[in-house]
Q: 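First, the structure itself, so that you have it in front of you.
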Amino acid sequence: MTMKLQNTLTRSKDEFKPIDPDHVRLYACGPTVYNYAHIGNARMAVVFDQLVRVLRRMYPKVTYVSNITDVDDKIMAAAAETGEAIDAITTKYTDIYNSDMAALGVLPPDVQPRATAHIGDMITLIEKLIERDHAYEAEGHVLFNVPSYEAYGNLSGRSRDEQVAGARVDVAPYKKDAADFVLWKPSSDDQPGWDSPWGRGRPGWHIECSAMSEVHLGLPFDIHGGGADLKFPHHENEIAQSCCAHGHENDLSAFSKYWVHNGFVTVEGDKMSKSIGNITLVHDLIDYYDGEILRLTLLSAHYSQPLDWSEKAIEQAKSLLDRLYGIVNGLSDVQADDAADIPADVMDALSDDLNTPKALAAINALAKRAAAERTPALKGQLLACGALFGILQKDAAEWLGYGQSGDADSNAIDALLAERQQARADKNFARADEIRDELDAMGIVIEDSPEGPKWRKAG
RNA sequence: GGCGCGGUGGCAGAGUGGCUAUGCAGCGGAUUGCAAAUCCGUGUACACCGGUUCGACUCCGGUCCGUGCCUCCA
């Protein structure tokens, strides 16, 4: 079985051929930690987590690196605004990011490097770029000289003339070319900084990913991922830095062979923005919805497509998940076959550019069969699919809210239930329905079954 | 303006040159004292206009509409 991936570098869906079939290596740009992670950050994390989960089933070894950028002017701005120390901010939001992503079933990357732990690697890389005449020092800054790199712009597909024309920002006087971008910049005494051959300073935005991916994966590696908006300039600049530092000016794939970009998330039809005030934080969502619901919502559309985040979409994912849990719960007396594998149609869908909606359709069909045929093999397959998707990991009865004797409220509920049973036996259905309504008001749903009445929490 | 992406049934969302997913919601039925849950049944939808073809929602051209990026935003 082979994986196909939509490769931004070639603009086509390519068969994935690992550099080393025994060891697949991928990198995805992680967050800059100065605030809570929003649902767009989460999409990236979930998408690449899901890709890694699938790749792990196809290849013996996968190394997934996703960084934390903990040095950035936005962090400095946040520190100035809140009065908190920079390292307090980055530590705090790194921890929150990791726990929020864990709530979404995102497995920790194999390596989560922090930019500040790789300043030396960045300096080394910058020195190589200067040696090769791709970068120059000017007024304490070091800049990448874009005209020195013929292939610049080929990932995002824009010519250098267009870059220069897009003079939306003041061109600093020390730049040789308007398109040149910063590799290193000077820090004042009150700004975070590190000693370097060019004086005390800090790295520019793009160099950290070039340095960290190279150190932890080696060059070239297989897959580089991130949000679609990072194509330009971030990924374009990463390619420029990494290819030019090592003398691969004519080969864009000398850095990463495949480039995979996830689509943007809108919220109720609008782009997330501070001005609209609709930045949707994972941290808030997980107070209201189980992480599995949010994860399923994110995986319900193809990763490369735009996704509109809405209450309705979440509710739809919840309904689906409830039904799947209902099926698992109904199979509680069937011993799942632990050796059961993922069915071929599910793997086929996932290996076709990570087509999660199609895979979900196959899982639905599987669930239906499992419920009807009640075999250990089918239950095992269903649970295996759940595990692969990071869903159906909870206890089904608990998920559905079925009450156990001994629950906090169970005594009162049991008493009402007993009274209702008596009323039913007496054909006093008016009283029986009254009790149903009472329980309903308490958020309790009664389900009569051949084994007697059961109750569960609504929701 | 440049470079992209997209317009599919009430909604979400895959996909394919002919056999027309899947989910959510709705409707009808079974079941139930009534419900809930479940099961069965039910929807020929692919922006518009041309073209290619025996045949297009799927390929080509054009039109309209929406949307993302264009220097620090995942």
Side-chain angles (χ1 to χ4, degrees), chain A residues 8 11 28-32 37-48 69 72-74 146 153 156-159 161-163 165-171 178-182 204-206 225-234 236-237 261-266 269 271-274 279 296-297 300-302 304-308 310 312-324 326-327 329-330 345 349 352 355-365 367-368 371-372 400 423-425 427-430 432-433 436-437 440 445-449 453-456 458:
Chain A
T8 308
R11 294 161 195 234
C29 293
T32 301
H38 55 64
I39 196 66
N41 296 304
R43 187 178 197 195
M44 168 265 145
V46 167
V47 162
F48 289 99
T69 295
D72 186 281
D73 288 4
K74 289 196 294 290
V146 169
S156 55
R158 46 193 96 216
S159 71
D161 293 342
E162 290 163 14
Q163 320 293 330
R168 228 162 73 164
V169 169
D170 294 335
V171 177
D180 291 352
F181 59 89
V182 171
W205 176 33
H206 318 289
D229 57 316
L230 293 184
K231 279 181 213 172
F232 187 88
H234 185 55
E236 203 70 79
N237 291 355
H261 290 99
N262 63 276
F264 241 62
V265 179
T266 54
K271 184 183 172 175
M272 264 193 286
S273 77
K274 280 178 191 160
I279 307 274
L296 188 59
T297 307
S300 65
H302 186 85
S304 66
Q305 294 298 119
L307 175 72
D308 187 41
S310 66
K312 202 168 180 178
I314 304 170
E315 289 302 331
Q316 188 169 309
K318 182 183 181 307
S319 296
L320 171 57
L321 210 41
D322 284 348
R323 205 186 93 243
L324 292 176
I327 287 170
N329 190 52
D345 55 356
D352 184 10
N355 193 334
T356 50
K358 199 176 181 186
L360 249 10
I363 290 172
N364 267 304
K368 197 176 250 188
L400 297 165
R424 293 176 73 203
K427 305 273 186 208
N428 183 0
F429 295 122
D433 289 346
R436 178 191 292 289
D437 290 342
D440 187 62
V445 178
I446 303 170
E447 295 181 10
D448 290 322
S449 76
K454 293 188 288 190
W455 61 269
R456 63 182 174 83

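Residue numbers start from 1 in every chain, and the chains themselves are labelled A, B, ... in the order their sequence lines are given, proteins ahead of strands.
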Q: Just compare B:U71, B:A14, B:A74 and give me whichever is closest to any side-chain atom of A:Ala179.
A: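 Ranking B:U71, B:A14, B:A74 by closest atom to the A:Ala179 side chain puts B:U71 first.
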Q: Would A:Val265 and A:His38 count as a side chain to side chain contact (heavy atoms under 4.5 Å, CB included) here? Give the steps.
A: CA-CA 10 Å; A:Val265 179; A:His38 55 64; over 6 Å; no
Q: Hey, could you give me the CG/CZ distance between A:Leu307 and A:Phe264, rounded to the nearest 0.5 Å?
A: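 Rounded to the nearest 0.5 Å, the CG-CZ separation comes out at 12.0 Å.
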Q: Please give, in whole Å, the distance from B:G23 P to A:Leu307 CG?
A: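 The distance from CG of A:Leu307 to P of B:G23 comes to 20 Å, rounded to the nearest Å.
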Q: Base, sugar-phosphate or nothing for A:Asn364? Non-hydrogen atoms, less than 4.0 Å.
A: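 Sugar-phosphate, no base atom in range.
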Q: In this structure, how many angstroms lie between the P atom of B:A37 and the CD1 atom of A:Ile327, rounded?
A: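 In whole Å, B:A37 P and A:Ile327 CD1 are 14 Å from each other.
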Q: Between B:A14, B:G33, B:G23, which nucleotide gets closest to the side-chain atoms of A:Ala301?
A: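 The answer is B:A14, which lies nearest to the side chain.
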Q: Across the strands shown, which category fits A:Ala228 at heavy-atom distances under 4.0 angstrom: base, sugar-phosphate, nothing?
A: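 Contact class for A:Ala228: none.
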Q: For A:Trp205 and A:His234, take the angle between the two ring planes, folded into 0 to 90°, and tell me which bin it lands in: parallel under 30, tilted 30 to 60, perpendicular over 60.
A: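 The arrangement is parallel - the two ring planes meet at less than 30°.
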Q: Mind checking if A:Asp448 touches a base, just sugar-phosphate, or nothing, with heavy atoms under 4.0 Å?
A: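 Contact class for A:Asp448: base.
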Q: Counting just side-chain N and O atoms, does A:Lys454 come under 4.0 Å of either OP1 or OP2 of B:A37?
A: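 No.
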Q: From C-beta outward on A:Arg436, which listed nucleotide comes closest to its side chain: B:U71, B:A74, B:C34?
A: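 Nucleotide nearest to A:Arg436's side chain: B:C34.
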Q: So which nucleotide from B:C34, B:U71, B:A37 ends up closest to the side chain of A:Glu447?
A: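 Output: B:A37.
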Q: Return the stems involving RNA chain B, sorted by first number, where pairs are Watson-Crick (N1-N3 with N6-O4 or O6-N4) or G-U wobble (N1-O2 and O6-N3), both under 3.5 Å, and runs are 3 or more long.
A: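 Paired runs of 3+ in RNA chain B: B:1-7 with B:64-70, B:10-12 with B:22-24, B:26-30 with B:38-42, B:47-51 with B:59-63.
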Q: Nearest to the A:Lys368 side chain among B:A25, B:G33, B:G23, which nucleotide is it?
A: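 Of the options given, the side chain of A:Lys368 lies nearest B:G23.
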Q: Are OP1 or OP2 of B:C72 and a side-chain N or O of A:Asn237 less than 4.0 angstrom apart?
A: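 No, outside the criterion.
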Q: Roughly, in whole Å, what's the span from CG in A:Leu320 to C1' in B:C24?
A: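 About 9 Å, once rounded to whole Å.
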Q: When you compare the ring of A:Phe264 with the six-membered ring of B:G68's base, are the centres less than 5.5 Å apart and the planes under 30° from each other?
A: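 It does not: the two rings, one from A:Phe264 and one from B:G68, miss the stacking criterion.
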Q: Start at the 5' end of RNA chain B and walk down; is the nucleotide closest to A:Ala365 or to A:Asp308 reached first?
A: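 With A:Ala365 and A:Asp308 compared, the 5'-side residue is A:Asp308.
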Q: For A:His206 and A:Gly226, find the nucleotide of RNA chain B closest to each by heavy atoms; which residue's nucleotide sits nearer the 5' end?
A: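 On the 5' side of the pair lies A:His206.
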Q: Kindly give the heavy-atom pair with the smallest separation between A:Pro357 and A:Ser300, and that separation in Å.
A: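 The pair with the smallest heavy-atom distance is CG-O, 3.5 Å.
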Q: Check for a donor-acceptor pair, side chain of A:Asn355 on one end and backbone N or O of A:Ala349 on the other, with a separation under 3.5 Å.
A: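 No; judged by distance alone, with no hydrogens or angles, the pair does not exist.
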Q: Rounding to a whole Å, what distance do you find between A:Leu400:CG and B:U38:P?
A: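 After rounding, the gap between these two atoms is 10 Å.
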Q: So, A:Asp440 and A:Arg436, do they make that salt bridge, N to O below 4.0 Å?
A: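 Salt bridge: no.
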Q: In whole Å, I'd like the distance from the CZ atom of A:Phe181 to the C1' atom of B:U71.
A: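 So the two atoms are 10 Å apart, to the nearest Å.
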Q: Report yes if at least one side-chain N or O of A:Arg323 is closer than 4.0 Å to OP1 or OP2 of B:C24; otherwise report no.
A: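 Checking A:Arg323 against B:C24: at least one side-chain N or O falls below 4.0 Å of OP1 or OP2.
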Q: Give the nucleotide from the list B:G33, B:C73, B:A74 with an atom nearest to the side chain of A:Asn262.
A: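 Ranking B:G33, B:C73, B:A74 by closest atom to the A:Asn262 side chain puts B:A74 first.
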Q: Rounded to the nearest 0.5 Å, what's the gap from NE2 on A:His261 to NZ on A:Lys231? Could you check?
A: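 Nearest 0.5 Å value for the NE2-NZ distance: 6.0 Å.
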Q: Output the single nucleotide from B:C72, B:A36, B:C69 whose closest atom is nearest the side chain of A:Trp205.
A: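 Side chain of A:Trp205 sits closest to B:C72.
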Q: Tell me: CE of A:Met272 to P of B:C69, nearest whole Å?
A: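 Interatomic distance, CE of A:Met272 to P of B:C69: 12 Å.
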Q: Using whole Å, what does the distance between atom C1' of nucleotide B:A74 and atom NZ of A:Lys271 come to?
A: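 Checked: the NZ to C1' distance equals 11 Å.
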Q: At what distance, to the nearest 0.5 angstrom, does OG1 of A:Thr32 lie from CG of A:Asp73?
A: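 Spacing of OG1 (A:Thr32) from CG (A:Asp73) equals 10.5 Å.
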Q: Name the nucleic acid region contacted by A:Val182, choosing base, sugar-phosphate or nothing; use a 4.0 angstrom heavy-atom cut-off, strictly under.
A: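 Nothing, no nucleic acid heavy atom in range.
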Q: Could you write nucleotides 4-11 of chain B as a row of B, S and -, 5' to 3', where a protein heavy atom under 4.0 Å of any base atom gives B, of only sugar-phosphate atoms gives S, and otherwise -?
A: S-S----B
Q: Quick one: label A:His38 by what it contacts on the DNA or RNA (base, sugar-phosphate, nothing), any heavy atom closer than 4.0 Å.
A: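 Contact class for A:His38: base.
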Q: If you take atom types as modelled and just measure distance, does the side chain of A:Asp433 reach the base of B:G33 with a donor-acceptor pair under 3.5 Å?
A: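 Between B:G33 and A:Asp433, which were checked side chain against base, a qualifying N/O pair under 3.5 Å is present.
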Q: Base, sugar-phosphate or nothing for A:Asp229? Non-hydrogen atoms, less than 4.0 Å.
A: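 Here A:Asp229 touches the bases of the nucleic acid.
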Q: Please give me the minimum heavy-atom distance between A:Ala28 and A:Met44, naming the atom from each residue.
A: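 Heavy atoms only, the tightest pair is CB-CE, 3.5 Å.
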Q: Between B:G23, B:A14, B:C69, which one does the side chain of A:Pro357 approach most closely?
A: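 Nucleotide nearest to A:Pro357's side chain: B:A14.
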Q: What is the distance, rounded to the nearest whole Å, between atom NZ of A:Lys427 and atom P of B:C34?
A: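 To the nearest whole Å, that distance equals 11 Å.
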Q: Would you classify A:Leu360 as touching base, sugar-phosphate or nothing, given that sugar-phosphate means primed atoms plus P, OP1 and OP2, and contacts are heavy atoms under 4.0 Å?
A: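 Counting heavy atoms under 4.0 Å across all strands, no contact is made by A:Leu360.
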Q: Could you work out which one of B:C24, B:A36, B:G33 sits closest to the side chain of A:Ser319?
A: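 Of all the options, the side chain of A:Ser319 is nearest to B:C24.
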Q: Would you classify A:Gly227 as touching base, sugar-phosphate or nothing, given that sugar-phosphate means primed atoms plus P, OP1 and OP2, and contacts are heavy atoms under 4.0 Å?
A: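 It contacts sugar-phosphate atoms only.
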